[in-house]
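Notes follow once the structure below has been shown.
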There are 2 protein chains.
Amino acid sequence: MGVPLYQAKAEFFKTLGHPARIRILELLSEREYAVHELLENITIEPSNLSQQLAVLRRASLVVSHRQGGEVTYSISTPEVRDLLLAARAILTGLLHVQEDEATSAPASDPPR
Amino acid sequence: MGVPLYQAKAEFFKTLGHPARIRILELLSEREYAVHELLENITIEPSNLSQQLAVLRRASLVVSHRQGGEVTYSISTPEVRDLLLAARAILTGLLHVQEDEATSAPASDPPR
DNA sequence: ACATGAAGTGAAGACTTCTTCAAGTTGTAC
DNA sequence: GTACAACTTGAAGAAGTCTTCACTTCATGT
């Protein structure tokens, strides 16, 4: 009961406010990944990736477990997936509007 | 297409990563508000509120229109509401887990 | 025991975002 | 047109976040 909830929410969204962290969560939404596998899919220095994973761990959005020589990450709850989808819905909506305002071009490919 | 989508998403979440902006969006999820009404509900300086509203406007999450002497704000699309709900779901889930880990206390009031 | 690949950490400078201030609109009432 | 409330803006220092670096840890293979 320490922190007001709207502040906890802001913290939560801050955690998502970084390109590398978004990519990590999108990858982990599909399946678990070892750190070196993430590294193959994200253009980032290893130590930077570790830092970003640490941020996600502190926020309890992901969990890690060691499997022998490698460390595997997965999302802590499937609701993370839902949130990313909800964000995608808004974002594609907004992008379409802005595009229509700018050029009134025809409907484009749905973004991933 | 200029910016990669995962970067647009990160920007989008950054926009939500501020307590005042969360409160604004939560209030506007219920109904439209004039700026001076928001001011009554959020503890913040007027010029700071204007700055935060400008951030939300630039991100196209809210729209404003003048009605005589006052300016009224509303959310640009109802999906904003869905997103806040999705966030709430994750957050209450995570809070419960942390609470259980710490004290193993009984179920608490559902947060707003 | 040593070397190696995999991952994490603390610290420091670069870079962004926040808050506040003073000044500027815009609209209504007198 | 002056006065007032409602609201916005630009700028600047304070505060926070990012990226990188050197170093450490941990497990496996030799």
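These numbers were taken from a predicted model, which means no experiment stands behind them. Chain identifiers are assigned alphabetically (A, B, ...) following the order of the sequence lines, protein sequences preceding nucleic acid strands; residue numbering begins at 1 within each chain.
As rounded to whole Å, 20 Å separates atom P of C/dG5 from atom CG of A/L38. If you measure from atom CD of A/E37 to atom P of C/dA6, you get 11 Å, rounded to the nearest angstrom. Taking atom CZ on B/R66 and atom C1' on D/dA5, their separation rounds to 11 Å, with Å as the unit. The nearest whole Å value for the distance from the CD atom in A/Q67 to the P atom in C/dA6 is 15 Å. Here C/dC18 presents its P atom at 13 Å from CD of A/Q7, a figure rounded to the nearest Å. Straight-line distance from the CG atom of A/L49 to the P atom of C/dA7: 9 Å, rounded to whole Å. Atom NE2 of A/H65 is separated from atom P of C/dA7 by 12 Å (rounded to the nearest Å). The CG-P distance, from B/L53 to C/dT19, rounds to 13 Å in whole Å.
Ranked by how close their nearest DNA chain D nucleotide is to the 5' end, B/A54 and A/N48 are led by B/A54. Toward the 5′ end of DNA chain D lies the nearest nucleotide of B/G69, the other residue of the pair B/G69 and A/V55 mapping further downstream.
Residue A/A34 places its side chain closer to C/dA7 than to any other of C/dT26, D/dT19, C/dA7. Considering only side-chain atoms of B/H36, the nucleotide from D/dA6, D/dT8, C/dT17 that sits closest is D/dA6. Of the listed nucleotides (C/dC21, C/dG8, C/dA7), C/dG8 has the atom at the smallest distance from the side chain of A/R57. In this structure, of D/dA22, C/dT19, D/dT8, it is D/dT8 that holds the atom nearest to the side chain of B/S47. Of the candidate nucleotides C/dC18, D/dT19, C/dG8, D/dT19 has the atom nearest to the side chain of A/Q51. Proximity note for B/V71 (side chain, C-beta onward) versus C/dT17, D/dC7, D/dT17: the nearest is D/dC7.
A donor-acceptor contact closer than 3.5 angstrom links the side chains of B/E79 and B/T77. Side chains of B/E37 and B/N41: a donor-acceptor N/O pair is absent below 3.5 angstrom, by distance only.
Taking only side-chain nitrogens and oxygens, B/Q52 never comes nearer than 4.0 Å to OP1 or OP2 of C/dT17. For the pair A/Y73 and C/dG8, the criterion of a side-chain N or O lying under 4.0 Å from OP1 or OP2 is met.
Two residues are said to be in side-chain contact when any heavy atoms from C-beta on lie closer than 4.5 Å; A/L56 and A/Y73 fail this criterion.
Under the side chain to side chain contact (heavy atoms under 4.5 Å, CB included) criterion, A/E32 pairs with A/H65, A/Q67, A/T72, A/S74, sequence neighbours left out.
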Determine, stepwise, if the pair B/L53 / B/V71 fulfils side chain to side chain contact (heavy atoms under 4.5 Å, CB included). CA-CA 11 Å; B/L53 286 170; B/V71 178; over 6 Å; no
